[in-house]
Amino acid sequence: MDIGEKKVLLANPRGYCAGVERAVQTVEKALELYGPPIYVRKEIVHNRHVVQALTAKGVRFVEENEEVPEGATVIFSAHGVAPDVHTSAAARSLRVIDATCPLVTKVHNEVRRFAAEGYDILLIGHQGHEEVLGTAGEAPAQIQVVDTPEDVDSVTVRDPERVVWLSQTTLSVDETQQTVGRLRARFPALKSPPSDDICYATQNRQEAVKAMAPACDVIIVVGSPNSSNSQRLREVALEAGAGAAYLVDFAHEIAEEWLGDARTVGLTAGASVPNELVEDALGWLRERGFTTVEHVTTAVENIVFALPQELRAALRPAPGRDA
Ligand code: SF4
């Protein structure tokens with residue numbers, strides 16, 4: 001074996017998930033259909049490059065509906081919104097296109113169902129994260145957010161026999177199970193979600209990183225600091241045995257000193273990261289002698305989500321007109 005060989009292990013799957021692909025396409029189609037400016041409430045997905053590129057095309061990102069002119073078009077981000085956000089949009093006569101990922105909508109539906117059945121809901125997730133705010137807003141009186149394992153001790157419920165846990169879609173699978181274990185020790189009758197809330201894309205990206213981490217001196221995760229699933233990839237990489245792990249938005253942020261005398265560098269990207277940013281990182285590494293690229297594939301993804309219904313209806317040709 002050539003001990004001098006420098007190589008990159010490239011995680012597969014990595015980068016865009018079906019929910020992000022759909023959200024970004026939604027904004028692009030809305031721009032084509034209605035022309036700029038298009039308003040997007042919050043970052044459409046948590047990625048600096050995506051937000052900058054869409055801003056350059058005429059998208060205006062706002063924090064709240066109140067910043068959108070009455071009657072204009074607003075798109076809600078992939079992270080989902082609480083029902084009162086729909087109410088305030090209706091009050092301003094906004095044309096709403098809801099790009100909430102269907103897998104986030106699934107968790108909202110679970111909240112509504114369990115709340116209607118009288119459960120106290122323990123939502124494992126990051127306090128203040130947009131997705132958590134939206135999900136908790138479905139039943140604020142019956143939801144408590146459990147952010148850290150320590151939060152488990154301060155949870156109080158009305159009836160320990162009617163408690164269910166749900167979760168944010170982009171958490172660490174292993175950490176979440178630890179938190180669930182602590183919750184179950186306090187509430188033995190704790191009910192689990194009907195199916196995993198941590199989405200397929202989050203799980204698949206973490207599995208790929210786990211598979212390659214023990215062989216990596218360093219792992220570079222391309223993703224933004226406010227991207228939950230990207231942050232989790234960096235943590236999972238370290239827990240799974242990578243020598244070091246760093247999160248960067250862009251290739252130029254990779255520091256030469258991080259590589260040291262590394263021979264094997266792992267590369268992955270969060271679910272909101274377009275492939276061109278991974279290509280840039282590969283190019284940066286190639287320039288520094290990491291010319292061999294080996295793929296570490298742990299799953300093949302072929303999930304595609306249809307565009308939001310409001311947009312599909314608008315894109316449909318009028319009866320009697322050619323497509
Ligand atoms: S990470 Fe998962 S939940 Fe979030 S947009 Fe992608 S598929 Fe949907």
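Numbering of ligands and ligand atoms starts at 1, following listing order. Predicted, not measured: the structure shown is a model, and the values here were computed from it.
If you check which protein heavy atom lies closest to atom 7 (S) of ligand 1, you get Cys17 SG, 3.6 Å. In this structure, atom 8 (Fe) of ligand 1 lies nearest to the protein heavy atom Cys101 SG, 2.3 Å. Remark: minimum distance from atom 3 (S) of ligand 1 to any protein heavy atom is reached at Thr169 OG1, 3.4 Å. For atom 2 (Fe) of ligand 1, the closest non-hydrogen atom on the protein side is Cys199 SG, 2.3 Å.
Using modelled atom types and a 3.5 Å distance limit, the side chains of Glu43 and Asn226 yield a donor-acceptor pair. In this model, no donor atom of one side chain and acceptor atom of the other lie less than 3.5 Å apart for Asn229 and Arg232.
In this structure, the side chain of Thr202 does not engage the main chain of Ile198 through any donor-acceptor pair within 3.5 Å. With Arg14 contributing its side chain and Val222 its backbone, the two residues share no donor-acceptor pair below 3.5 Å.
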